[in-house]
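One-based numbering, in listed order, for ligands and for the atoms of each. For reference, positions follow the sequence shown, starting with 1. The basis for the numbers below is simple: all heavy atoms, side chains too, and nothing from hydrogens, waters or symmetry mates.
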Amino acid sequence: MKVLKFGGTSVANAQNIKLVLEIIEESRSGERLVVIVSAFSKVTDLLQLASQKAAQGDDRFKEIVAEIETKHLEALKALIPVSEQSALLSHIKRIINHLETLLDGCFLLGELSARTLDTILSFGELLSAYIISEALQQKIKNSGYKDSRELIKTDSNFGKASVNFEVTNALIQEYFQTNSQEVIVMPGFIAASTEGITTTLGRGGSDYTAAILAAALRAHQLEIWTDVNGMFTANPKIVKQAKPIANLSYQEAMELSHFGAKVLYPPTIQPVLRESIPILIKNTFEPTAIGTYISNDIFTQNNPVKGITHIDSITLVTLEGSGMIGVSGSSKRLFEVLSQKNINVIFITQASSEHSICIGILNSDADTAENAINKAFEVEISQNKIQPCIVEKNLCIIALVGENMKNHQGLSGRMFSTLGKNNVNIRAIAQGASERNISAVINERDVKKALNTLHENFFEENTKQLNLFVMGVGNVGEKFIEQIHQQKKFLKEKLKINLRVIALSNSRKMYFDEDGISLKEWQFLLDTGDAADASLFFKTAKELNLRNSIFVDITANESVSQTYEHYLKQNIAVVTCNKIACASEFDNYKKLKKLSRQYNAPFLFETNVGAGLPIIDTVKNLVASGDKVNKIQAVLSGSLNFIFNNFNESSSFHDVVKEAGVQGFTEPDPKIDLSGIDVARKILILIRESGYKMEIDEISNESFLPSACLETSDNEAFFTSLITHADHFNTIFQEAIAKDSRLKYVAQFENGKANVGLRFIPKDHPFYNLEGKDNIVLFFTDRYSDQPLLIKGAGAGAAVTASGIFADVIRIGNI
Ligand code: ADP
Ligand code: ASP
Ligand code: MG
C-alpha cells in the first residue's frame, strides 16, 4: 500500500490533473494506492473570501461562487468524454447549489461561525476529489472514491480539529479491509466530528490527511506531490539559489516545516514517524527529479545546517518586571492564559534573571493575547510589580535547522555576525533544547535580505553577492560596466564574488532590475528606463533592501555627493570617484566616516586621488599600523601633467588643454583642473586620511591662470580666454626653459601647512621625469624619514579610474 497526496497546484486545472493521472498510473505496480487530493489551487482562499463577504452582507460572494463553479465545470469538461458528462455536470451543480445556500444563510444572518466556515471550506476538496476520481475512473476501472469525513474523526475544534486516532485508525483499517479497489481517491483537509459535523485539519492540512491514512494502513511510503522539487534549503520563491535537500531526518523535516517550510504541513510527520514510514516529496511537474526523502536513516553530510526557514507575521510579546523574579509560576500562568485563548506560542526566550519572558505569536493573535495577559496579571500590574506587556508586531522568525548542528561550535556566532554585517537587527534569539535549530526574530522588512545572506554564507561555498547601484555612466562609468561584464565569470569562479548591477542612472534616465541588469545590452535598457530622479533612485535601493548593496557614484556632481549619508544609514556601502564629499567641510567628511562605521557600510574613495593608484589605501595602512605622515609632496593632477608635458613651442596651450579633454583626462569642467582646485581637493583628502584636520581654504593656491581666465562663466568662454592669453602661457614656458627645468603642478604638505601651485622642477628632482599623465606621491613618515615612500603611475584616464572603482568594490567583496 502506498499513499500519494497531490497539492493545490498539482490539481489546479485539467491540464495539471492529466499529469496527476499519469503519475497515478505509473505508480501502480501491483500494490494498492490511496490518493489524497487538495482543493484546486486558490479555491480554499476563494471559499474563505466568499464566506467573509457573505457574512459582511456583501453579495459579491455570488461572483466568487460563479468563479469556483466555472473552474470546476471547465476541468470536468476537459477530463471526461462528452457522452458521460451530463450526470457529472449536474452533480457538480448540485454541490455548488448547496454551497450557495450555505453562503446565502451567512448573508441573511450576517454571521459566520467557525463550524459553518469549516463546512464551506470543505467544498474545495469535495469538488476536486469528485472530479479527479471520475477522471481516474476513465483510466482505471477498479478505482473509487471515499469521503474522508466517514473515516477521519476529530473533536469539534473547528478550523484545526484534533484527530481521534483510535477511532480513525479502526475505521480506516476496517474500510480498506472490506474494499478491494486498486486506487481510492479521497479529499484531503476535511474530516468530521464524532457527531458527524464537518471539520477541517487546518490550512495546508491535506498533507496531514495523507499521513493519517499512511500510518493507519502501515503504507510502505507516503508521497507528497507538489509544485517544487522537494524540501529546499530555503524557500525557493525568496532565495533563488536554494537547492532541494535530498535526505532529511523526521526531526529535521519537522523542525523545517514548523519554522515555515510550507511544503509540508507540520503535523504531517507525527503519524508516519510513529510507524517509521518514509515520506518522499516529489514534483508533479518534474517527476524525474529525485525529490526529498524523509526517514529515520542517518545520512552524513558535511554541512551541519540543512535548511533555513522563516515565519512571517509574528508578534513579540514581552512581559517583564521585578514581580517575575523568583515567583515560580509566572510563566506557567502566562502560558495557561495563552492556551485558554487557543493561542499558539511559536517562540520563547526567557532572560536567565527571570526578569522578563518574551514569546513569539502570530500577528492575528496579538490583540487577544495582549488583553488576556494584561487581565491575568492585573493585580501585579496595578502594584507596579509587572509592566503591562510590550507588544511588537510585524516581525519574522528565521531559523537555521540541522540534526548535526549540536556537534558544531560557532554556528550561532556565524549566523548572528552574518546578519549583523548586513545591518539586520535581531530582536530576540532562541535555541531549541534539541539544538536542532537556532532561531532569531527580526524585522519583516529584512527577511529577504536575511534569508539570502544566510543562505549564501551556509550553502553557497561562501559566494558573496554584491548588488551595485551605479550613478553616472559617462566615460568612466562605461568603462566600469565593461570591466564588470568582462570579469564577472572570473570573479564568480576565482574570488567567489557574484557582481550584479541592479540599477543604472545617467542624468536623463534610470533603470532597475532586481535580478541584475543584463550588461550585454545595458545601454539599450537604460534608454528604456524612467526619467532620472536621484531621490527615487535612493528610495528604490532602500526598498529593495538587498544584501551587500553598494552605491557607486561615478559623477562629478555635488548634489549626488550629498546623498551618501542616506545610503550609509541604510547600510548601503558607498564607492565614489567624486571628490566633492571628501573635500567638503571637515565635519561632513568626518560624519560620513562615522556613519560608515556606525552602519557597517564601507565608504571607499580610492579614485579620489591618483585614479587607480593605491594611494589612499597605502595611507590608511600606514596610519593603521602606527606610522605618522609628516610631509607629502606630490604631483596629483594627471591632466595638468599631461598638459605641461605636451605644451611646448610647437603647440598652443589652448590646443593641449583641448586634447587633454578629448582624451578624458580633465574633469568635465576643465577649469576645475587648471585652477588647481582639483589638486587642492586631492591633497586635502590625503592630509585628512593621514589624520590631520584641515579645510580647503587653508590650502594656499596661487593659480597660474590669469584672473580673466578664472572668471569665465562657461567652458566655451574659458577656452577662448586661453587663446586670448596665449602670451601669458608662452612666457611661463620660456621661463622654464631658461631655468633648465620642467613645469609641474605640485601639491605639498609640511608642518601642518599645505599649498598647491605650478613649480619649476630642476633636473635632479624625482618629479622631473614624470611622463604623460602620470602621478607621483612622496610620503615622508616616521618610518620613511630619509627615503620617502613613493607611489607613481598613471593617475588619470577612464580605464584606470574605472579599475580603481572596481578595486574598491572588490575590497568590499573581500570584507
Ligand atoms: P501544495 O499545494 O502542493 O500543498 P504548498 O503551496 O502547500 O503546495 O507548498 C509548496 C510551496 O512551499 C512551494 O511552492 C514553495 O513556495 C513553498 N516553500 C516554502 N518553503 C519551502 C522550502 N523550504 N522548500 C520547498 N518549498 C518551500
Ligand atoms: N485546501 C486546503 C488549503 O488550501 C488544504 C491543502 O491544500 O492542503 O489549506
Ligand atoms: Mg501544502
Side-chain angles (χ1 to χ4, degrees), residues 4-12 16-17 19-20 23 36-49 68 117-118 120-129 148 159-161 186-191 199-212 222-246 248 252-268 279 281-286 289 291-292 294 305-312 396-402 447-448 451 454-455 459:
L4 279 63
K5 178 260 170 176
F6 294 90
T9 323
S10 305
V11 297
N16 295 1
I17 294 175
L19 299 175
V20 167
I23 292 168
I36 309 294
V37 295
S38 285
F40 287 12
S41 175
K42 305 273 170 4
V43 167
T44 315
D45 290 338
L46 288 174
L47 288 165
Q48 182 137 19
L49 189 66
I68 295 176
L117 180 63
D118 268 7
I120 294 173
L121 294 188
S122 73
F123 280 75
E125 267 71 10
L126 288 173
L127 284 163
S128 73
S148 315
K160 196 173 180 185
M186 293 174 63
F189 179 54
I190 64 172
T199 55
T200 61
L201 302 175
R203 293 302 308 270
S206 297
D207 298 338
Y208 191 32
T209 309
I212 296 167
L222 166 61
E223 294 182 3
I224 304 285
W225 289 82
T226 182
D227 56 1
V228 283
N229 284 347
M231 180 94 84
F232 277 60
T233 47
N235 184 342
K237 297 228 166 81
I238 303 183
V239 179
K240 297 239 161 60
Q241 334 282 346
K243 296 260 162 6
I245 311 165
L248 285 171
E252 285 171 329
M254 199 144 35
E255 213 88 32
L256 285 167
S257 72
H258 176 75
F259 278 101
K262 184 186 166 219
V263 65
L264 203 60
Y265 182 52
T268 307
I279 307 175
I281 305 179
K282 295 276 286 180
N283 188 351
T284 304
F285 307 95
E286 208 183 319
T292 298
I294 304 168
V305 180
K306 283 291 189 71
I308 305 168
T309 50
H310 79 287
I311 315 176
D312 300 315
C396 168
I397 299 179
I398 44 172
L400 293 192
V401 173
V447 169
K448 193 169 172 194
L451 289 176
L454 289 175
H455 194 271
F459 292 101

Novice: If you take all heavy atoms of Lys160 and Tyr265, which pair is closest and at what distance?
Specialist: CE-OH, 3.4 Å
Novice: Heavy atom of Ala242 under 4.0 Å from ligand 1?
Specialist: no
Novice: Starting from atom 25 (C) of ligand 1, find the nearest protein heavy-atom neighbour and note its residue, name and distance.
Specialist: Gly230 O, 3.4 Å
Novice: Please report which non-hydrogen protein atom sits nearest to atom 27 (C) of ligand 1, along with the residue it belongs to and the distance in Å to one decimal place.
Specialist: Pro236 CD, 3.7 Å
Novice: Which residue supplies the protein heavy atom nearest to atom 4 (O) of ligand 1, what is that atom called, and how far is it?
Specialist: Lys5 NZ, 3.0 Å
Novice: For atom 12 (O) of ligand 1, tell me which residue out of Val11, Ile308, Val263, Leu264 has the closest non-hydrogen atom.
Specialist: Val263
Novice: Return the residue, atom name and 0.1 Å-rounded distance of the protein heavy atom closest to atom 6 (O) of ligand 1.
Specialist: Lys262 NZ, 2.9 Å
Novice: Heavy atoms only: which of Thr226, Asn235, Thr309 is nearest to atom 15 (C) of ligand 1?
Specialist: Asn235
Novice: Counting distance only, does the side-chain N/O of Asn16 pair as donor-acceptor with the main-chain N or O of Val11 below 3.5 Å?
Specialist: no
Novice: Are any of the N or O atoms of Gly204 closer than 3.5 Å to those of ligand 2?
Specialist: yes
Novice: Is any side-chain N of the basic residue among Lys282 and Asp227 closer than 4.0 Å to the acidic one's carboxylate O?
Specialist: no
Novice: For atom 2 (O) of ligand 1, find the nearest protein heavy atom and state the residue, atom name and distance (0.1 Å precision).
Specialist: Gly8 N, 3.0 Å
Novice: Tell me, which protein residue and heavy-atom name are nearest atom 4 (O) of ligand 2, and how many Å apart are they?
Specialist: Arg203 NH2, 2.9 Å
Novice: For Pro187, does its backbone N or O pair with a side-chain atom of Ser148 as donor and acceptor, under 3.5 Å?
Specialist: yes
Novice: Does Gly204 reach ligand 1, in the sense of a heavy atom lying below 4.0 Å from it?
Specialist: no
Novice: Look at atom 6 (C) of ligand 2 and say which protein heavy atom is nearest, naming residue and atom and giving the distance to 0.1 Å.
Specialist: Ser206 OG, 3.3 Å
